[in-house]
Amino acid sequence: WINVPYSILPFIKYTGAGSKVYGDRIDSLCYPTGDVRKILDVNGSEVTSTATLYVPGTENIKDTDTIIFEGRERSILRITNFYCDGVVDIKVVYL
């Protein structure tokens with residue numbers, strides 16, 4: 001069921017001017033939904049998420065990374081986890 005392509009631009013560092021520097025693009029698969037909902041972002045502020053990606057729990061993804069989905073670069077608002085037997089089974093990425 002996790003079979004829709006997306007890509008991660010992994011965050012490496014900030015430049016002296018404050019711009020983000022990314023590593024090489026990583027292509028992967030997800031299960032997307034178009035749910036529009038209010039969530040708390042990584043800073044605890046209420047924001048509107050317009051898409052949710054369910055990705056394998058083994059995916060190396062951070063909230064500072066950028067997602068390329070449906071041809072657009074999107075910022076990650078928050079990442080949560082579903083656990084199975086004490087191990088992250090699925091990561092939920094809110095865009």
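In this chain, residues are counted from 1 in sequence order.
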Measure the spacing between [atom1] of [X] and [atom2] of [Y] and express it to the nearest 0.5 Å.
X	Y	atom1	atom2	value
Thr33	Tyr31	OG1	OH	7.0 Å
Ile79	Leu95	CD1	CG	9.5 Å
Ile8	Thr66	CD1	OG1	10.5 Å
Ser75	Lys20	OG	NZ	5.5 Å

- request: May I ask you to decide if the ring planes of Phe11 and Tyr22 are parallel, tilted or perpendicular, using 30° and 60° as cut-offs?
  value: perpendicular
Residue pair Arg37 / Ser49, side-chain donor-acceptor N/O under 3.5 Å: no
- prompt: Side-chain donor-acceptor pair under 3.5 Å between Ser45 and Asn43, yes or no?
  reply: no
Any [X] side-chain heavy atom under 4.5 Å of [Y] side chain:
X	Y	answer
Ile26	Pro10	yes
Val21	Thr15	yes
Val88	Phe82	no
Ser28	Tyr6	yes
Ile61	Ile67	yes
Tyr94	Thr80	yes

query: Side chain of Lys91, backbone of Glu59: donor and acceptor closer than 3.5 Å?
result: yes
task: Verify, without hydrogens or angle tests, whether Arg78 (side chain) and Leu40 (backbone) share a donor-acceptor contact under 3.5 angstrom.
output: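 Yes; at least one donor-acceptor contact below 3.5 Å.
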Considering all heavy atoms of both residues, which atom of [X] and which atom of [Y] are nearest to each other, and what is their separation?
X	Y	answer
Pro32	Leu53	CB-CD2, 3.7 Å
Val55	Cys30	CG1-CB, 3.7 Å
Pro56	Leu29	CD-O, 3.7 Å
Thr50	Arg74	OG1-NH2, 2.7 Å

- prompt: Do other residues, nucleotides or ligands put more than 12 heavy atoms under 6.0 Å from the OH atom of Tyr54?
  reply: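 Enclosed: over 12 neighbouring heavy atoms sit under 6.0 Å from OH of Tyr54.
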query: Would you find more than 12 non-hydrogen atoms of other residues, nucleotides or ligands less than 6.0 Å from Asp27 atom CG?
result: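 For Asp27, atom CG is crowded (more than 12 foreign heavy atoms under 6.0 Å).
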Test applied, side-chain contact (heavy atoms from CB on, under 4.5 Å); reference residue, Asp63; option that passes from Val42, Leu77, Val93, Asp41: Val42
